[in-house]
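One structure below.
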Amino acid sequence: ESMTSAGGRRARRYATPRRFETCEMLADRGLLPAIFFIFSRAGCEAAAGQVVDFGLRLTSGEERRRIRAVAEARTAHLEPADLAVLGFDRWMRGLELGIAPHHAGMVPAFKETVEELFAEGLVRVVFATETLALGINMPARTVVIENLSKFTGEHHELLRPGDYTQLTGRAGRRGIDDAGTAVVLHSRYVEFERVAGIAAAGTHPLVSSFRPSYNMAVNLVATYPRSTAERLLDASFARFSELRRREQLEEQIDSIRAELEAEREAARCELGDVAAVVDEPRARDGVMREFASSRSAGDIIEWTTRGRVRRQVVVARSHGKRPRLVTVDEEGQLHRLSLDRLPVSSVVTGRMDLPQPIRTRDADYRLRVAEDLRGAEVGDALDLPHETAAPPAAACPDLDRHLGALRSVRRLEKRLRRLERRVREAPGGLARRFRAIIELLEARGYVTGWTLSEHGERLRVLYADLDLVLAESLRSDVFADLDAAEVAALASMFTYEPRSGPEAAAYPSRRLAERASVVLETWERLAVDEDRFGLPVTRAPEPGFVELAHRWVGGEGLDDLFEDEAPGVGDFVRNCRQLIDLLRQIRDVGDGPSETLDDAIRRLDRGVVAAAGAL
């Protein structure tokens, strides 16, 4: 698309190609099969649906008959009611056209069907999350990366070169293609030189994530003399990496110190202390709380960041002491703006009518809102934070740049402290941590000298991430006198990990809530000891799966737990399989009610959950 510049010359303005256009181009050039990497499960489902709805057809009649036969055979073990919840008809429609999503939220039968059909060349376009690039043999002729920016759970960041290499390594089928093709779609937010730099950088160095756990420690005590155990740790790749990294740490520290000085200079403001805008609750938070509380769906808000105007429309607002705005930007991306993320320079420049009903989780709906937002009329500021209540620096026209620099300063200072601590602790780091674990286990009666107690022997067979929290909870008889549904629900606190922060607890019974409190108190006491012994604090038990586990073991069906075509069934199945494994460990320890545990396992292992375990 072309436009006239201020000098009268024609300038080029490029837009990101639409998905069906990209698919058609790849098909025309003989570059299928292709994998589109999209960094969200909902995005994969929405992308596949958009291309299917557009009417792209990549298969012949004979191929469609073969696809349906494979899919029906692969899912024959699932009940018709469960298939309805899983969105079987919509999924099958895409498969028959040669188009499918692939992500960890799908049940195994669906994922494995897509993998088989893609390997046969019958499914020719797959929209997948990055998990497909790990451990699954699905090479393609072409890999498409829609966006080099990935949301980490807290913020967006560009792909690392090693991640780029991992994804694009799927391009090119051995023995079929002479070369693979990697396509990165245009984005106005990422310059071409940056893309080229990421592609040219290659892989990142291999870093060990090995850390001694409580379960590993007691197994080492049971198997080896102390000197041998510590020698094994010193001979590990993690120890080798420590020694090798130490030389690099000093160089990183010098580089960070130089960058820190530059950011401190950028954070300085002639009008006053920029930190006061962030750190003074009455000034900054009070102003932004009043601003956010006054917003309603349809308000168009703008702010300037590094000379660039950002425009978003409010689609929802939470209530309470710290209201949060839910917004959609001009690209259709959803944002949740808490008070600390809402720029002080925000202003309201207009209003627009939102399509009804409001469906913030629907990608198509957000794209409609984005299109309306781009065409909405905006004017001068209609409402802005009250300037007199804010610190002097809040009036600075470059405030966002100063605040960005201040955030960088604090991030760099934190990183510098962390690196300096790593330098101090690098010699003997693994051995030191192992000794601290042994000392903590001795203090809690699991180890005496270099000999395991009865409790230590039981800990040997608990392989959960929260192994010691679980062992301590078993010592408190938290599962005693619970029924099967309650046992499964309480045990889920030791296996479940939410994908996006802590979730609200919903306890089906008062007795279950009381036992959950015992588990959480057990973790809190352990966290205090871990901090005292200089160990990383174990993550907290999570109650987010308690209600679902209780209802499933109580006999409810998949259609009772989820609406038709609901996302997250694959996660539910995976969480149930993990829970079954943990209940078996608890049963093997012998500290729990064995008959009730067997009953809970049997009730968990049914329907779509049992089907996943049988694959």
Side-chain angles (χ1 to χ4, degrees), residues 34-49 71 74-75 78 82-83 85-88 90-91 94-95 99-119 123 125-140 143-147 149-154 159 163 166-167 169-170 209 334 361 363 464-465 492 495-503 539 542 544-545 548-549 552 558 561-563 565-582 604 607-615:
I35 299 173
F36 281 65
F37 282 112
I38 300 175
F39 301 119
S40 80
R41 300 176 183 183
C44 292
E45 295 284 352
R74 279 279 190 177
T75 58
L78 297 175
D82 292 345
L83 289 174
V85 175
L86 295 171
F88 176 81
R90 175 179 52 82
W91 175 69
L95 281 181
I99 301 158
H102 187 288
H103 54 78
M106 298 167 63
V107 295
F110 280 28
K111 285 194 296 183
E112 294 192 1
T113 301
V114 173
E115 291 162 15
E116 179 179 342
L117 293 173
F118 191 81
V123 167
V125 173
V126 168
F127 295 92
T129 57
E130 68 272 28
T131 54
L132 187 147
L134 302 172
I136 300 176
N137 183 27
M138 283 181 63
V143 162
V144 180
I145 299 178
E146 285 203 338
N147 195 333
S149 176
K150 176 183 175 183
F151 186 64
T152 64
E154 297 181 355
L159 283 184
D163 297 324
Q166 180 74 43
L167 298 179
R170 288 286 171 186
S209 60
L334 192 69
R361 295 186 178 182
D465 285 345
S492 73
T495 59
Y496 180 66
E497 290 188 68
R499 296 183 61 232
S500 56
E503 298 177 359
R539 69 171 178 86
E542 289 286 350
F545 198 67
L548 279 177
W552 180 253
L558 200 65
L561 304 184
F562 299 94
E563 298 178 357
E565 301 190 15
V569 178
D571 290 328
F572 169 78
V573 170
R574 185 176 62 258
N575 284 318
C576 285
R577 298 306 314 173
Q578 292 172 344
L579 183 53
I580 289 169
D581 181 63
L582 182 74
L604 270 171
V608 68
V609 176
L615 293 176

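Along the sequence shown, residues are numbered consecutively beginning with 1.
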Might you point out which heavy atoms bring [X] and [Y] nearest each other, and give the distance in Å?
X: Val123; Y: Phe118; answer: O-CD1, 3.2 Å
X: Cys44; Y: Pro101; answer: O-CB, 3.9 Å
X: Ile35; Y: Ala128; answer: CG2-CB, 4.2 Å
X: Thr129; Y: Ala104; answer: OG1-N, 4.4 Å
X: Ala71; Y: Leu95; answer: CB-CD1, 4.0 Å

Is there side-chain contact between [X] and [Y], with at least one heavy-atom pair below 4.5 Å?
X: Asn575; Y: Thr495; answer: no
X: Met106; Y: Glu112; answer: no
X: Trp91; Y: Leu86; answer: no
X: Phe88; Y: Asp82; answer: no
X: Glu115; Y: Lys111; answer: yes

Output the distance between atom [atom1] ([X]) and atom [atom2] ([Y]), rounded to the nearest 0.5 Å.
X: Phe572; Y: Trp552; atom1: CZ; atom2: CH2; answer: 5.0 Å
X: Phe110; Y: Leu78; atom1: CZ; atom2: CG; answer: 7.0 Å
X: Glu542; Y: Ser492; atom1: CD; atom2: OG; answer: 10.0 Å
X: Asp571; Y: Glu497; atom1: CG; atom2: CD; answer: 12.0 Å
X: Gln578; Y: Arg574; atom1: CD; atom2: CZ; answer: 6.5 Å
X: Leu579; Y: Leu604; atom1: CG; atom2: CG; answer: 5.0 Å

Counting only N and O atoms by type, is there a donor-acceptor contact under 3.5 Å from the side chain of Arg577 to the main-chain atoms of Val609?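 Yes, Arg577 side chain to Val609 backbone: donor-acceptor pair under 3.5 Å.
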Checking the side chain of Arg74 only, and the main-chain atoms of Glu116 only, is there a donor and an acceptor separated by less than 3.5 Å?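 Judged by distance alone, no pair lies under 3.5 Å.
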Would you call the rings of Tyr496 and Phe545 parallel, tilted or perpendicular, where under 30° means parallel and over 60° means perpendicular?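 Rings of Tyr496 and Phe545: parallel, as their planes differ by under 30°.
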